[in-house]
J.: 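Following this message is one structure expressed as structure tokens.
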Amino acid sequence: MSTAVVNSADNGGSKSKKRQWIYAKKPQGELYKKRQWVGYSLLLFLFAAPFIKINGEPFLMFNIIDRKFSILGNLFYPQDLYIFVFGMLIVMVCVVLFTVVFGRVWCGWTCPQTIFLELIFRRIEYWIEGDWQQQKKLDAGPNTDQKQLKKFFKHAIFLIISFFISNIFLSYIIGADALIKIITDPLDQHIGGLISIIIFTLVFYGVFAYVREIVCIAICPYGRLQGVLLDDQSITVAYDHRRGEPRGKQQKDAKTPQGDCVDCKLCVHVCPTGIDIRKGLQLECVSCTACIDACDAVMDKIGKPKKLIGFYPMGEIEGTLKKKNNTRTIAYSIVLVALMSVFCLLLFNRSQVDGRLLRAKGSTYQLRDDKTISNLYSLELINKSGKEIPFKLVCDDPRLKIQVVNPIQKLSKDGHATLSFFLIIANKDVETYKSNVKLAIYSGDKKVETLKTTFIAPPGMN
């Protein structure tokens with residue numbers, strides 16, 4: 001790996017602009033075990049969700065190509081965009097709320113970038129090349145056959161996993177059934193799809209093999225929001241300098257006061273972004289808690305209390321926290337509850353059939369020989385119920401009759417239908433040139449949708 005250089009903690013704080021490759025020490029400890037439980041559970045969900053079906057529909061699918069989405073087995077179409085707007089608002093408020101209260105805990109515990117990198121790719125790296133010091137020694141050493149074999153083996157596995165991840169992400173877009181069909185069909189039938197998968201495979205490989213922490217430090221905009229969202233009451237991973245300083249090796253007969261920090265630098269060595277948490281809050285910190293586990297292990301060995309590095313309100317460490325004020329947290333929580341209530345209301349009151357009713361282009365009223373007047377309409381229907389359903393049209397105005405040009409009695413599952421029909425009224429019943437009309441769509445005895453249009457007819461035609 002020609003780009004690899006030493007961790008910033010080991011080069012005397014060089015200010016060189018050249019990227020310094022981070023060799024993160026393999027983490028271990030209680031918080032790391034909990035992070036593994038969270039991370040692997042989320043990975044299991046990520047890999048399984050596209051293949052789980054509810055009422056025959058994917059548990060999660062975001063088919064941008066066909067403009068069809070499935071959430072919890074419920075199908076959504078572009079007509080349901082307003083529901084997604086509320087869904088995105090809820091996600092944004094959740095992110096803001098958790099950042100205000102718990103800092104950047106999303107990044108360290110649930111972000112896919114961190115989970116893939118720390119729980120899959122780095123663990124493979126530890127398995128093949130050893131811990132951080134062995135990796136440094138390998139990269140700095142001569143270009144032997146053994147070194148080349150390890151590098152080839154590692155990057156081959158990285159590419160295979162990246163290819164697998166690309167297919168999983170593709171299944172979220174086109175659905176698991178379509179993905180399986182692509183895999184089982186002859187290769188020449190899906191050249192475009194194959195090229196897309198290869199491109200995304202290379203992107204994932206590049207991110208996890210080389211870009212790595214730069215995503216968190218420079219590319220992802222979420223880290224930049226910390227400066228705006230955090231206040232002195234936000235809980236973050238922090239070093240208690242009041243207890244830790246002055247740092248240095250512990251001496252029994254020390255004549256000057258000593259802090260609990262022994263300056264072992266393990267908190268730096270385990271950091272996946274290469275920062276020194278003892279320098280205070282930094283945007284590069286992703287709250288992964290690896291430094292907490294490393295420091296707690298040292299405190300155990302020297303017989304000192306744990307949590308020299310731990311979760312602390314920012315103001316407590318800096319001595320600026322005078323009185324606890326939860327106003328902002330409460331305000332965000334109220335907004336979040338309100339948005340979730342509206343979201344649930346929209347979700348559970350969503351119609352099973354969506355329709356668009358238009359007057360036929362370029363047409364006006366028609367005078368018939370049987371002393372009636374008709375208007376021609378076009379009706380487009382989308383079945384969002386996830387099953388085949390019968391339907392019929394009913395007009396709320398008893399003076400108007402419906403004459404369907406191409407009768408259709410059923411909507412197929414996830415199907416579309418286009419109907420042409422006339423609304424007909426007797427000449428003697430016409431009162432105004434333009435009148436508002438409501439058409440109801442019934443499935444059995446249940447009204448599933450109501451559509452509005454206008455009916456045009458010249459009055460005084462008795």
Side-chain angles (χ1 to χ4, degrees), residues 1-8 18-28 32 35-50 104 106-132 134-136 138-139 147-173 194-223 269-275 284-290:
M1 190 179 299
S2 58
T3 59
V5 294
V6 296
N7 187 299
S8 59
K18 183 180 179 181
R19 180 190 177 186
Q20 299 185 350
W21 190 264
I22 293 173
Y23 297 96
K25 177 179 171 60
K26 186 177 181 180
Q28 54 184 346
Y32 180 64
R35 189 152 60 101
Q36 284 182 303
W37 276 104
V38 172
Y40 288 126
S41 298
L42 290 174
L43 283 175
L44 179 62
F45 173 79
L46 177 70
F47 295 148
R104 207 172 171 179
W106 155 266
C107 297
W109 287 67
T110 57
C111 175
Q113 161 72 15
T114 303
I115 292 175
F116 278 122
L117 178 58
E118 300 301 325
L119 299 186
I120 295 181
F121 288 90
R122 270 212 169 103
R123 288 182 68 86
I124 291 170
E125 205 164 53
Y126 294 137
W127 171 53
I128 296 174
E129 298 183 353
D131 208 344
W132 67 297
Q134 294 170 296
Q135 292 176 25
K136 284 169 59 177
L138 181 69
D139 288 337
K147 176 179 177 178
Q148 289 298 321
L149 183 61
K150 286 185 176 182
K151 293 295 182 183
F152 173 79
F153 191 36
K154 181 183 78 171
H155 288 284
I157 294 177
F158 281 5
L159 276 169
I160 292 171
I161 295 175
S162 298
F163 181 76
F164 175 72
I165 295 173
S166 297
N167 279 271
I168 291 296
F169 273 84
L170 182 62
S171 68
Y172 276 97
I173 298 175
L194 178 62
I195 293 173
S196 300
I197 289 177
I198 291 173
I199 291 173
F200 279 104
T201 297
L202 294 176
V203 169
F204 283 122
Y205 168 74
V207 167
F208 295 118
Y210 297 104
V211 181
R212 296 194 165 192
E213 76 284 348
I214 294 178
V215 173
C216 306
I217 295 173
I219 298 176
C220 179
Y222 175 56
H269 297 325
V270 296
C271 180
T273 59
I275 66 169
E284 294 82 1
C285 177
V286 295
S287 296
C288 68
T289 66

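Every heavy atom of this structure was used, including side-chain atoms; hydrogens, water molecules and symmetry mates were not. Just so you know, residue 1 is the first one in the sequence shown, and it goes up from there.
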J.: Are Q135 and Y126 close enough, and set up right, to give a side-chain contact (heavy atoms from CB on, under 4.5 Å), and what steps lead you there?
T.: CA-CA 8 Å; Q135 292 176 25; Y126 294 137; 3.4 Å; yes
J.: Does I124 offer a backbone N or O that forms a donor-acceptor pair with the side chain of K154 under 3.5 Å?
T.: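 No; judged by distance alone, with no hydrogens or angles, the pair does not exist.
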J.: Specify the closest pair of heavy atoms between P50 and I168, including all atoms of both residues, with the distance to one decimal.
T.: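 Result for this residue pair: CG-O, 4.4 Å.
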J.: Ignoring hydrogens and geometry, is there a side-chain-to-backbone donor-acceptor pair from T273 to C285 under 3.5 Å?
T.: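 It does not hold such a pair.
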J.: Does the side chain of L46 come within less than 4.5 Å of I115's, by heavy atoms?
T.: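 The answer is no; the side chains never approach within 4.5 Å.
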J.: Does CZ belonging to F200 count more than 12 external heavy atoms closer than 6.0 Å?
T.: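 Counting other residues, nucleotides and ligands, CZ of F200 stays at 12 neighbours or fewer.
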J.: Return the minimal non-hydrogen interatomic distance between V270 and A24, and the atom names on each side.
T.: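 Looks like O-CB, 4.2 Å.
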J.: Between I161 and Y205, does the side-chain contact (heavy atoms from CB on, under 4.5 Å) criterion hold? Intermediate values first, please.
T.: CA-CA 8 Å; I161 295 175; Y205 168 74; over 6 Å; no
J.: Test V207 against L117 for side-chain contact (heavy atoms from CB on, under 4.5 Å), laying out the working first.
T.: CA-CA 9 Å; V207 167; L117 178 58; over 6 Å; no
J.: Looking at Y172 and A49, what are the two nearest heavy atoms and their distance?
T.: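 What the structure gives for the nearest pair is OH-CB, 3.3 Å.
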J.: To the closest 0.5 Å, what do you measure between CZ (R212) and CD (E118)?
T.: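 R212 CZ to E118 CD: 8.5 Å, rounded to 0.5 Å.
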J.: Do R123 and E129 sit within salt-bridge range, that is, some charged N less than 4.0 Å from a carboxylate O?
T.: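 E129 and R123: not salt-bridged.
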J.: Please examine the side chains of Q113 and F208, heavy atoms only from C-beta on, and report whether any two atoms are closer than 4.5 Å.
T.: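 Yes, their side chains come closer than 4.5 Å.
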J.: Step by step, work out the side-chain contact (heavy atoms from CB on, under 4.5 Å) result for I128 and I157.
T.: CA-CA 10 Å; I128 296 174; I157 294 177; 4.0 Å; yes
J.: Between the side chain of D131 and the main-chain N/O of K25, is any donor-acceptor distance below 3.5 Å?
T.: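 Looks like no, no N/O pair under 3.5 Å.
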J.: Can the ring centroids of F164 and F47 be said to lie less than 6.0 angstrom from one another?
T.: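 Yes - the distance between ring centres of F164 and F47 falls below the 6.0 Å cut-off.
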J.: Kindly indicate whether the side chain of F204, heavy atoms from C-beta on, has any atom under 4.5 Å from the side chain of I199.
T.: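 No, too far: nothing below the 4.5 Å cut-off.
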J.: Is there a donor in the side chain of T201 and an acceptor in the side chain of S166, or the other way round, less than 3.5 Å apart?
T.: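 S166 and T201 do have a side-chain donor-acceptor pair below 3.5 Å.
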J.: Ignoring hydrogens and geometry beyond distance, is a side-chain donor-acceptor pair present between H269 and Y23 at under 3.5 Å?
T.: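 No, Y23 and H269 have no side-chain donor paired with an acceptor closer than 3.5 Å.
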J.: Would you mind reporting whether I197 and F163 have side-chain heavy atoms less than 4.5 Å apart?
T.: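 They are in side-chain contact.
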J.: How long is the gap from CD1 on I165 to CG on L43, to the nearest 0.5 Å?
T.: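 With rounding to 0.5 Å, CD1 (I165) is 8.5 Å from CG (L43).
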J.: State, with a plain yes or no, whether a side-chain heavy atom of K150 is found less than 4.5 Å away from one of L138.
T.: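 Counting from C-beta outward, K150 and L138 do come under 4.5 Å.
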J.: Find out whether L119 and Y32 are in side-chain contact, i.e. whether some heavy atom of one side chain is under 4.5 Å from a heavy atom of the other.
T.: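 Yes, their side chains come closer than 4.5 Å.
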J.: May I ask you to decide if the ring planes of F169 and F116 are parallel, tilted or perpendicular, using 30° and 60° as cut-offs?
T.: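 It falls in the tilted class, 30° to 60°.
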J.: Quick one: are R35 and C288 in side-chain contact, heavy atoms under 4.5 Å?
T.: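 Yes, their side chains come closer than 4.5 Å.
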J.: How many angstroms lie between atom CG of L202 and atom CD1 of I198, to the nearest 0.5 angstrom?
T.: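 Between L202 CG and I198 CD1, I get 7.5 Å after rounding to 0.5 Å.
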J.: Please determine whether a side-chain nitrogen of the Lys or Arg among D139 and K151 lies less than 4.0 Å from a carboxylate oxygen of the Asp or Glu.
T.: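 So D139 pairs with K151 through a salt bridge.
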J.: Are side-chain heavy atoms of E284 and E213 found at a separation under 4.5 Å?
T.: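 Side-chain contact under 4.5 Å: no.
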